[in-house]
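Every chain is numbered from 1, with letters handed out A, B, ... down the list of sequences.
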Amino acid sequence: MPKPKSAAFARIRAEVIRLVALIPEGKFTTYGSIAVHMNVMARHVAFVMSRLTEEESATLPWHRVVSADARISPKMDPLLAETQRARLEAEGMSINAAGFIQCDEAHFHSVGVRRSIRWSQQPD
DNA sequence: GGAGAGGCTTACT
DNA sequence: AAGTAAGCCTCTC
């Protein structure tokens, strides 16, 4: 394979796209999970997500990717966060006002959640 | 070429 | 329990 300018990013992006595309409907995963699966850092996954192209954002179920606490990233643009929440709810999942996914059983790969998710601390 | 930032995560205070 | 600090790697200016 030739070596593009951003070889690392290209590879990571491809991996992220591939993994995210594999997430079944009605399920979700975390940046950390994807990162672990592709042996990269969670930040890279998040970065790839933020730098997705129109085609990718339209094709990939990026909304099924949330932070380690199983909630929508608060740092994300309100518009995107709202879109993400809407899409998840459209798939039959319950998201509260804080953006926490209340369907813990919908977690695709629980790899990223090593720490106890504060399901009880969900701010309503 | 160096410095700052980025949709995170873990660990410690 | 909540908040703060550091860490990792890549991108953009």
Side-chain angles (χ1 to χ4, degrees):
Chain A
M1 280 295 288
K3 197 175 74 164
K5 298 180 180 180
S6 46
F9 192 53
R11 158 183 153 250
I12 294 172
R13 180 171 52 172
E15 295 275 312
V16 171
I17 292 172
R18 185 178 303 176
L19 288 175
V20 173
L22 292 178
I23 302 175
E25 190 174 301
K27 296 259 184 176
F28 70 93
T29 188
T30 67
Y31 295 103
S33 296
I34 297 176
V36 170
H37 275 264
M38 50 196 293
N39 199 34
V40 297
M41 304 208 67
R43 264 196 180 173
H44 297 162
V45 179
F47 212 83
V48 171
M49 298 297 267
S50 59
R51 297 277 95 184
L52 280 179
T53 64
E54 297 180 11
E55 180 180 346
E56 292 165 338
S57 60
T59 306
L60 292 176
W62 57 268
H63 55 272
R64 296 180 192 151
V65 183
V66 295
S67 62
D69 288 347
R71 75 170 167 133
I72 300 174
S73 302
K75 304 300 181 192
M76 191 188 296
D77 289 339
L79 187 63
L80 287 175
E82 194 174 351
T83 302
Q84 182 171 17
R85 185 172 63 90
R87 288 203 187 187
L88 290 173
E89 291 181 336
E91 294 185 353
M93 299 167 57
S94 301
I95 317 292
N96 64 14
F100 279 85
I101 298 177
Q102 301 186 323
C103 299
D104 55 315
E105 43 187 55
H107 207 169
F108 188 30
H109 16 227
S110 327
V111 182
V113 186
R114 299 154 183 161
R115 230 167 145 195
S116 307
I117 300 183
R118 318 170 191 169
W119 301 105
S120 315
Q121 306 172 32
Q122 304 175 16
D124 246 307

Whole angstrom value for the distance that separates [atom2] of [N] from [atom1] of [X]:
X	N	atom1	atom2	value
A/Asp69	B/dG7	CG	C1'	14 Å
A/Met38	C/dC9	CE	C1'	12 Å
A/Leu52	C/dC11	CG	C1'	14 Å
A/Arg13	B/dG7	CZ	P	16 Å
A/His44	B/dA5	NE2	P	17 Å
A/Phe47	B/dG7	CZ	C1'	10 Å
A/Trp62	B/dC8	CH2	P	13 Å
A/Met49	C/dT10	CE	P	19 Å

Next on the checklist: Looking at every non-hydrogen atom in both residues, tell me the closest pair between A/Ser33 and A/Thr29 and how far apart they are.
Outcome noted: CB-OG1, 3.2 Å
Checklist outcome for this item: Stems in DNA chain C, runs of 3 or more consecutive Watson-Crick or G-U wobble pairs with both distances under 3.5 Å, sorted by first number, are B:2-6 with C:9-13, B:8-13 with C:2-7
Is any side-chain heavy atom of [Y] closer than 4.5 Å to one of [X]?
X	Y	answer
A/Ile72	A/Arg85	yes
A/Trp62	A/Thr83	yes
A/Val45	A/Met38	yes
A/Val65	A/Ile23	yes

Checklist entry - In Å and rounded to the nearest 0.5 Å, what is the CZ to CG distance from A/Arg64 to A/Leu22? => result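 Atom-to-atom, A/Arg64:CZ and A/Leu22:CG are 10.5 Å apart.
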Next on the checklist: So, using salt bridge (charged side-chain N to carboxylate O under 4.0 Å, His left out) as the criterion, who are the partners of A/Glu82 when residues are at least two apart?
Outcome noted: none
Checklist entry - Considering only B/dT9, C/dT10, B/dG7, which nucleotide approaches the side chain of A/Ala46 most closely? => result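 Given the options B/dT9, C/dT10, B/dG7, the side chain of A/Ala46 is closest to B/dG7.
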Next on the checklist: If you assign each of A/Arg43 and A/Ile12 to its closest nucleotide in DNA chain C, which residue comes earlier from the 5' end?
Outcome noted: A/Arg43
Checklist entry - Can A/Val48 be reached from A/Met41 by stepping across I, L, V, M, F, W or Y side chains whose heavy atoms are under 4.5 Å apart? => result no
Checklist entry - Under a 4.5 Å side-chain heavy-atom rule over Ile, Leu, Val, Met, Phe, Trp and Tyr, are A/Leu60 and A/Phe9 clustered together? => result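 Yes, it is one cluster - the side chains of A/Leu60 and A/Phe9 are joined through contacts under 4.5 Å.
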Next on the checklist: I need the residues from residues 71-82 of chain A with at least one non-hydrogen atom less than 4.0 Å from DNA chain B; give them sorted by number, or say none.
Outcome noted: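 Residues of residues 71-82 of chain A that come under 4.0 Å of DNA chain B are, in numerical order, A/Ser73, A/Lys75, A/Met76.
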Next on the checklist: Using a 4.0 Å heavy-atom cut-off, does A/Ser50 contact any base of the nucleic acid, only the sugar-phosphate backbone, or nothing at all?
Outcome noted: base
